[in-house]
Amino acid sequence: MSEQDQHLDALQDIRRMMNNSSRFISLSGWSGVAAGTCALLSAIYTANKIECWKRADCRFEQIILDGGDRLQATLVQIAAVTFAAALVLAFLFTWLRSRKTGVPIWGYSARKLMVQVAVPMVAGGLVIWRMMDFGLYGLVAPACLIFYGLALVNASKYTLPEIRFLGYFQLALGIVNLWMIGYGLYFWAAGFGVLHIVYGIIMWNKYERGTNS
Amino acid sequence: MENPISGLNKSFDNRIRLGVMSILMVNDEISFNELKGLLEVTDGNLATHLVTLEESGFIKVHKGFIGRKTNTTYAITKTGEKAFSAHIQALENMIKGFR
């Protein structure tokens, strides 16, 4: 190896270390697939639920009598369960991956990533909560997608950079949805379900397949 | 003309020490275990190089606790930042010099 190659090598090493250490790179593609599957199942369940409310099989009159509160409570419950399940599964696959790669999961980069995701998500959660208080249900799905998209774009500096594109797509879906109120569940399923699964498969293909990890 | 090699720092010749400095340049503080995972080295090997860097005044050590377990974290010093920047600059100059 010539001296020039050696120095180039050193510079590449420096760059790789700076990147790897400041980004959370254990994020597994399977986490995306699992979270997306949760979202799709939940969307199908919700669609059925709404269908049976419309047919009054589920004592829809009762829900009408109770006003919007009951409907809101049920939808929030479904959303909360979905979110929790997706989070647990996403964490599980990422944890498994970090055990294989030997990179500690709860490091400095993970903490930074958490904060960067949490700030837009918590702000978004509060906005959506108030929207529901004012009965603006049509805006809930687009707002979910928009705030989640912003959180991902923000997070992309601290994890695999490709997550930025997932964020842009979520944002775009959310914004289109703003002009197609009433189709929220479809956009929700496309964004949180389909996009996550597609992203997960692409990431797995790029980073995990063939690396035996 | 100034000799481009003058900026090269012997302390950063070693791959592990170079790695430690690179990581600390972009992270405020980082634990021993995180360094070990990122650099894929053994405890003893890493510890030796960390002591060398500490003695040169390039990094500072902070010993803390998480519950009862000790948690040692490392951060870069002003001196370390300057020395490492100069080292990178020297590497760059050398490569340019070859062209």
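This is a predicted model, so every value here is computed, not measured. Quick note on labels: first sequence line is chain A, next is B, and so on, each numbered from 1.
- The pair R15(B)-D9(A) counts as a salt bridge, with a side-chain nitrogen and a carboxylate oxygen less than 4.0 angstrom apart.
- Each ring pair (Phe, Tyr, Trp, His ring centres under 6.0 Å) pair with one or both residues in residues 161-183 of chain A, not counting sequence neighbours, would appear here, but there are none.
- The aromatic ring centres of F91(A) and W95(A) sit 6.0 Å or more apart.
- Proximity to chain A (any heavy atom under 4.5 Å) is shown, for L39(B), by both the backbone and the side chain.
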Donor-acceptor pairs are to be reported for all side-chain atoms of residues 55-63 of chain B against protein atoms at under 3.5 Å, with residues two or more places apart or in another chain.
from   : atom 1 : to     : atom 2 : distance (Å)
S56(B) : OG     : T52(B) : O      : 2.8
K60(B) : NZ     : I76(B) : O      : 3.4

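- Put simply, of I88(B), V20(B), I30(B), I23(B), the one with the most heavy-atom pairs under 4.5 Å next to chain A is I23(B).
- Contact of F12(B) with chain A is not made at all, since no heavy-atom distance falls under 4.5 Å.
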